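Here the structure is a predicted model, which means the values were calculated and not measured. Chain A is the first sequence line, chain B the second, and so forth, proteins listed ahead of strands; every chain is numbered from 1.
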2 protein chains.
Amino acid sequence: MAKAKHTTIIEFTRKIASVNIAYRQFIQSKFKEHDVDLTFEMLQVLACLWNQDGINQQEIANLTVKDKASMTYLIDNLTKRDLVYRQEDENDRRNKLVHLTSKGKTTKAEVQPFIDEMYAAAGKGLDIIELERCMSLLQKLEQNLKEHI
Amino acid sequence: MAKAKHTTIIEFTRKIASVNIAYRQFIQSKFKEHDVDLTFEMLQVLACLWNQDGINQQEIANLTVKDKASMTYLIDNLTKRDLVYRQEDENDRRNKLVHLTSKGKTTKAEVQPFIDEMYAAAGKGLDIIELERCMSLLQKLEQNLKEHI
DNA sequence: ATTAAATGGTTAAATGCTTTACTATTTTTG
DNA sequence: CAAAAATAGTAAAGCATTTAACCATTTAAT
C-alpha cells in the first residue's frame, strides 16, 4: 500500500475510535448533569425495548452489537434496578423475552430528550448525502475487515 | 430535524460502533490464531511506544483516546508482563516516562505484520480522497458532540 | 515570592466486556 | 426417528473503563 494511504487509514481508524468515545461522553455528561443513574450500555438496551418491547436477549445483543454474555450481565443489572424483567418464551424455550417494567417505560420520557439532543447535535451542519456516502464507505471498510479475518 | 436525516444519523451512529468493533475483532482473531497473548488495549499502548519510546503516560492516553486512570492500569499490566517499565522524568517529576523492555521491543516484530495486515485489509478498494472526505465529516461530527455537551 | 490553578499520576469501587466452558432446547441431517 | 449441529442463555475469571478523591509537582497570577 502507498505510504500516504497507509497513513490516512491509520488516522481514519483513530478518528472512528474517538467519535465513538465522543458519543458515549455526550450521553454520560448529560446523564450526570441531570442525575440520571444509567450507563451508556444500559441506555442502549432500554432504547431497543422502547422501540420494541418483549424481544429476546440475542436480538438485543445483535441490535447493540454486543456479546450474548455481556447481555446476560446487562439484563441482570437492569433487572436489579427494576427497569426490565425476563419472561420465558413459550414458543421457543431457549429464549428469554425481555420486557420493560412500568418504571422502565416511564424512564423513556426522562431520557429520550437527551438521545434526541445527541442525534441533533451530532448531525448539525452535516449533509444527508454526505452522511450516506460516508456510511457506505464505513460499510465497505467493515466488510473488508470481516472478510480478511 | 427532518425524519429522514434523523433516521440516517441513527444508522450512521450504529455503523460507527460496529466498525469499531470490527477492528477489535480482526486483531483479536489474528492474535488468537497465532497465540499472541495481548489484548487490543495493550497493543494500542505498545504501538505508541514502538513509534516513539519513552513518552509519558498522559501522552499515551491522548494518542489512544483513553483516560489517565485506564492508562495507569494498562501500564501496570504491561509491566507485570515485562513489556514496559516506568522511569521518572527528571525534567518534570510529575511525569512517568514509559519505556519498552527488550521483550517489549522484540514483540513488535511478532505483531507488526498483523497491524499492517489490518490496515491493508481495511483500506482495500477504498479511495484515499473518499477516506479524507469521510474523515473530515467525522471530525465535524465529533466536534459537534463536544461542543454541545 | 506566595498563593492559586493546572497537570500527571495513583487508588478504589462499580460497571462493563471477552473468553471459555457449560446446560437446555430446537433444528438439521442422515 | 436418532444423532449431530446450531442456538439461547448462564457463570466465572481476567481485563478494561469511569468516576471521584487524592498526592506531588509545576505553572500562572497577582
Side-chain angles (χ1 to χ4, degrees), chain A residues 17-18 20-33 35-46 55-81 83-98, chain B residues 17-18 20-29 31-33 35-45 55-81 83-98:
Chain A
S18 66
N20 217 37
I21 289 169
Y23 272 112
R24 177 178 302 267
Q25 290 184 339
F26 182 96
I27 285 295
Q28 281 169 340
S29 158
K30 292 291 174 193
F31 279 10
K32 188 179 167 189
E33 186 184 345
D35 294 312
V36 178
D37 182 26
L38 287 177
T39 66
F40 187 78
E41 286 77 14
M42 291 176 187
L43 173 63
Q44 288 182 290
V45 174
L46 290 175
I55 57 181
N56 69 43
Q57 297 187 193
Q58 186 59 53
E59 287 169 330
I60 302 174
N62 294 339
L63 288 168
T64 56
V65 199
K66 289 184 194 307
D67 193 78
K68 65 180 180 173
S70 303
M71 201 44 58
T72 293
Y73 178 84
L74 274 168
I75 305 287
D76 282 350
N77 266 348
L78 287 167
T79 300
K80 278 181 207 154
R81 295 181 189 221
L83 292 165
V84 307
Y85 63 93
R86 291 179 170 96
Q87 180 195 29
E88 204 174 70
D89 183 348
E90 295 185 358
N91 298 320
D92 184 339
R93 285 164 55 218
R94 290 171 301 185
N95 299 347
K96 303 275 177 76
L97 306 181
V98 183
Chain B
S18 66
N20 219 35
I21 289 168
Y23 272 112
R24 176 178 302 266
Q25 289 184 338
F26 183 98
I27 284 296
Q28 280 170 341
S29 157
F31 278 12
K32 187 177 167 189
E33 187 184 343
D35 293 311
V36 178
D37 183 25
L38 286 177
T39 65
F40 186 79
E41 288 75 14
M42 291 175 186
L43 172 63
Q44 289 182 288
V45 174
I55 58 181
N56 70 42
Q57 296 188 194
Q58 186 58 54
E59 287 168 328
I60 301 175
N62 294 340
L63 287 168
T64 56
V65 200
K66 288 183 194 306
D67 192 78
K68 64 180 180 173
S70 304
M71 200 44 58
T72 293
Y73 177 83
L74 275 168
I75 303 289
D76 281 351
N77 266 349
L78 287 168
T79 300
K80 277 180 207 155
R81 295 182 188 217
L83 292 165
V84 308
Y85 64 95
R86 292 179 170 94
Q87 178 194 31
E88 204 173 70
D89 183 351
E90 294 186 357
N91 299 319
D92 184 339
R93 284 164 53 219
R94 291 172 301 187
N95 299 345
K96 304 273 178 76
L97 306 181
V98 183

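Under 4.0 angstrom from either OP1 or OP2 of C/dC17 there lies no side-chain N or O belonging to B/Gln28. Residue B/Lys66 has a polar side-chain atom (N or O) positioned under 4.0 Å from OP1 or OP2 of D/dT17. Here B/Gln58 does not reach the OP1 or OP2 of C/dT7: none of its side-chain N or O atoms lies under 4.0 Å away. Side-chain nitrogen and oxygen atoms of A/Arg81 include none within less than 4.0 Å of the OP1 or OP2 phosphate oxygen of C/dA14. Regarding contacts with the backbone of C/dT18, every side-chain N or O of A/Lys68 stays at 4.0 angstrom or more from both OP1 and OP2.
Taking OG1 of A/Thr72 as the start and CG of A/Asn77 as the end, the distance is 11.5 Å to the nearest 0.5 Å. For the atom pair B/Lys96 NZ and B/Glu88 CD, the distance stands at 7.0 Å (nearest 0.5 Å).
Two residues are said to be in side-chain contact when any heavy atoms from C-beta on lie closer than 4.5 Å; A/Gln44 and A/Leu74 fail this criterion. When side chains are defined from C-beta on, B/Asn56 does not count as touching B/Asp89, because their heavy atoms never get closer than 4.5 Å. Looking only at side-chain heavy atoms (C-beta outward), B/Leu83 and B/Val45 stay at 4.5 Å or farther from each other. Side-chain contact between A/Thr64 and A/Glu41 is absent, with no heavy-atom pair separated by less than 4.5 Å.
B/Met42 comes within 4.0 angstrom of sugar-phosphate atoms only, judged by non-hydrogen atoms across all strands, and of no base. Nucleic acid contact class of B/Thr39 (heavy atoms, under 4.0 Å, all strands): sugar-phosphate only. When heavy atoms are screened at a 4.0 angstrom cut-off, A/Asn77 is found touching the sugar-phosphate backbone but no base atom. Across all strands, B/Asn56 comes closer than 4.0 Å only to sugar-phosphate atoms, never to a base (heavy-atom distances).
Nucleotides of DNA chain D nearest to B/Asp92 and B/Val65 differ in position, and the one nearer the 5' end is that of B/Val65. For the pair A/Glu41 and A/Glu90, nearest-nucleotide mapping onto DNA chain C gives the more 5' position to A/Glu41.
Across C/dT19, D/dT10, C/dT10, the shortest atom-to-atom separation from the side chain of B/Thr72 is found for C/dT10. Considering only side-chain atoms of A/Ala69, the nucleotide from D/dA11, D/dT17, D/dA8 that sits closest is D/dA11. Residue B/Arg94 places its side chain closer to D/dT27 than to any other of D/dT27, C/dG9, C/dT27.
Distance B/Ile27 CD1 to C/dT18 P: 15 Å, rounded to the nearest Å. Distance B/Ile75 CD1 to D/dA16 P: 11 Å, rounded to the nearest Å. Look at CZ on B/Phe40: it is 15 Å from C1' on D/dT17, rounded to the nearest Å. In this entry the distance linking CD of A/Gln25 with P of D/dT18 reads 7 Å, nearest Å. Residue B/Tyr73 contributes atom OH, which lies 13 Å from atom C1' of C/dT11 at whole-angstrom precision. Rounded to a whole Å, the CG atom of A/Asp67 is 12 Å from the C1' atom of C/dG16. Straight-line distance from the CZ atom of A/Arg93 to the P atom of D/dA8: 16 Å, rounded to whole Å. Here C/dT7 presents its P atom at 19 Å from CD1 of B/Ile55, a figure rounded to the nearest Å.
A donor and an acceptor atom never sit less than 3.5 Å apart when one is taken from the side chain of A/Lys96 and the other from the base of D/dG9.
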